[in-house]
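First the structure, in the form of C-alpha cells, and then the observations on it.
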Amino acid sequence: MVGEEGAFVLGWDEVLTEEELSVTLKVLCMSQEEFQEYKEQDGWEDNTDEEESSPLSNEALSRLKSPCKKLLCDSVLLTLESYSSDLKADQDLLNNKEAFEGLSRREQQALHVRYGQKRILHRLLELVQ
C-alpha cells in the first residue's frame, strides 16, 4: 500500500500521495470483518463513491472520520518526536542572524528543510485534531 520508502508526501495544501494515504487509512481503520472481505475481494471494486475519489486537500483531511483523524494525529506526533528539536527552536535559530550565520551552508539548508517539514506536520496536526 505504501511506497518503498514507507512514507507519505504531504504538501502545504494537500497530500501528494493521496491514493496511498487514502487506501492505508481505510485499511488501518477497518474492522476485522471488513478487512477479511477486503482481502477476499483483492481490494475494492472500481465503483468508488465521490468522497473516496476526491483529492485529500487540507479541507478533506479535516473532514475525515474520527478513527482516521486519530491515526493521522498519532502518526504526526510520533514523527515530530523523532526530531531532535521542536518547531520553536528551529524558528528561533532561523531568526537569530548571528547563530544562523555560524552554521555551515549545509546546516543552514538542513535547517530550512527541517523547519518546513515541521510546519507542514503542525498544519496537518491542526487539521486532524
Side-chain angles (χ1 to χ4, degrees):
M1 287 183 296
V2 182
E4 291 179 18
E5 295 84 29
F8 302 105
V9 181
L10 305 171
W12 187 252
D13 297 317
E14 65 187 6
V15 176
L16 303 176
T17 54
E18 65 180 277
E19 184 176 347
E20 292 90 343
L21 180 59
S22 180
V23 170
T24 301
L25 287 174
K26 287 175 189 174
V27 169
L28 292 175
C29 292
M30 285 180 179
S31 68
Q32 187 172 0
E33 295 80 25
E34 290 170 326
F35 182 69
Q36 188 62 37
E37 183 179 325
Y38 173 79
K39 284 186 354 183
E40 289 170 3
Q41 292 180 358
D42 289 328
W44 286 282
E45 297 176 10
D46 286 339
N47 59 348
T48 57
D49 63 23
E50 193 174 304
E51 179 184 324
E52 292 173 343
S53 62
S54 64
L56 283 176
S57 65
N58 286 347
E59 183 181 329
L61 287 170
S62 66
R63 288 184 277 127
L64 287 173
K65 295 177 183 174
S66 290
C68 291
K69 282 184 171 184
K70 174 150 180 33
L71 186 60
L72 275 176
C73 182
D74 291 347
S75 298
V76 168
L77 291 172
L78 280 172
T79 302
L80 287 170
E81 286 176 11
S82 71
Y83 288 100
S84 61
S85 61
D86 63 10
L87 181 68
K88 177 147 178 30
D90 287 349
Q91 187 173 24
D92 290 345
L93 186 53
L94 283 167
N95 292 334
N96 184 334
K97 186 176 180 178
E98 186 178 317
F100 182 76
E101 289 176 354
L103 300 174
S104 70
R105 180 76 177 135
R106 186 174 183 168
E107 290 170 323
Q108 291 173 356
Q109 291 172 338
L111 175 61
H112 280 287
V113 170
R114 187 175 65 237
Y115 179 69
Q117 290 171 339
K118 289 177 188 176
R119 285 189 60 216
I120 289 171
L121 289 169
H122 278 273
R123 173 114 166 105
L124 178 58
L125 198 56
E126 291 172 5
L127 293 168
V128 297
Q129 284 187 326

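Since this is a predicted model, take the numbers as computed values, not measurements. Values below: all heavy atoms of this structure, side chains included; hydrogens, waters and symmetry mates excluded.
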Which is it for Val27 and Met30 under the side-chain contact (heavy atoms from CB on, under 4.5 Å) test, yes or no, and what are the steps along the way? CA-CA 5 Å; Val27 169; Met30 285 180 179; 4.2 Å; yes
Hey, quick one: are Leu77 and Leu10 part of the same hydrophobic cluster, counting side-chain heavy atoms closer than 4.5 Å, chains of contacts allowed? yes
According to a hydrophobic-cluster definition based on side-chain heavy atoms being under 4.5 Å apart (Ile, Leu, Val, Met, Phe, Trp, Tyr only), do Leu61 and Leu80 belong together? yes
In this structure, CD of Gln32 is separated from CD of Glu37 (nearest 0.5 Å) by 13.5 Å
Same cluster or not: Leu87 versus Leu94, using hydrophobic residues (I, L, V, M, F, W, Y) connected whenever any side-chain heavy atoms lie under 4.5 Å apart? yes
Rounded to the nearest 0.5 angstrom, the CD-CG distance for Glu107 and Leu93 is 9.5 Å
Flag yes if Trp12 and Val15 sit in one hydrophobic cluster, no otherwise; membership is Ile, Leu, Val, Met, Phe, Trp, Tyr, and two members link when side-chain heavy atoms are under 4.5 Å apart. yes
Can a donor-acceptor pair be found, under 3.5 Å and without considering hydrogens, that links the side chain of Asn96 to the backbone of Asp92? no
If you count heavy atoms of other groups shown closer than 6.0 angstrom to CD of Glu59, is the number above 12? no
Kindly write out the residues that satisfy side chain to side chain donor-acceptor pair (under 3.5 Å) with Glu34, not counting sequence neighbours, or none if the list is empty. Ser31
Considering all heavy atoms of both residues, which atom of Ser85 and which atom of Lys118 are nearest to each other, and what is their separation? O-NZ, 2.6 Å
Drop me the distance from Gln109's CD to Leu103's CG, to the nearest 0.5 angstrom. 11.5 Å
Hphob cluster co-occupancy, Leu16 + Leu124, side-chain heavy atoms under 4.5 angstrom: no
Would you check, one step at a time, whether the test side-chain contact (heavy atoms from CB on, under 4.5 Å) holds for Val76 with Val128? CA-CA 10 Å; Val76 168; Val128 297; 5.6 Å; no
How many angstroms lie between NE2 in His122 and CG in Leu127, if you round to the nearest 0.5 Å? 13.0 Å
Mind checking the CZ-CD spacing from Arg119 to Gln91? Nearest 0.5 Å is all I need. 8.5 Å
In sequence, state the C-alpha distance, the side-chain angles, and the governing distance for Leu125 and Cys73, and then conclude on side-chain contact (heavy atoms from CB on, under 4.5 Å). CA-CA 6 Å; Leu125 198 56; Cys73 182; 3.6 Å; yes
Is there side-chain contact between Leu72 and Leu21, with heavy atoms separated by less than 4.5 Å? yes
Is there a side-chain contact (heavy atoms from CB on, under 4.5 Å) between Asp90 and Tyr83? Walk through the geometry before answering. CA-CA 11 Å; Asp90 287 349; Tyr83 288 100; 6.0 Å; no
Return the minimal non-hydrogen interatomic distance between Arg63 and Lys69, and the atom names on each side. N-CE, 4.3 Å
One should read off an interatomic distance between Phe8 CZ and Glu20 CD, to the nearest 0.5 angstrom, of 7.5 Å
I'd like to check Leu111 versus Gln108 (side-chain heavy atoms, cut-off strictly below 4.5 Å). Are they in contact? no
Ignoring hydrogens, what is the shortest heavy-atom contact between Thr79 and Ser82? Give both atom names and the distance. O-OG, 2.5 Å
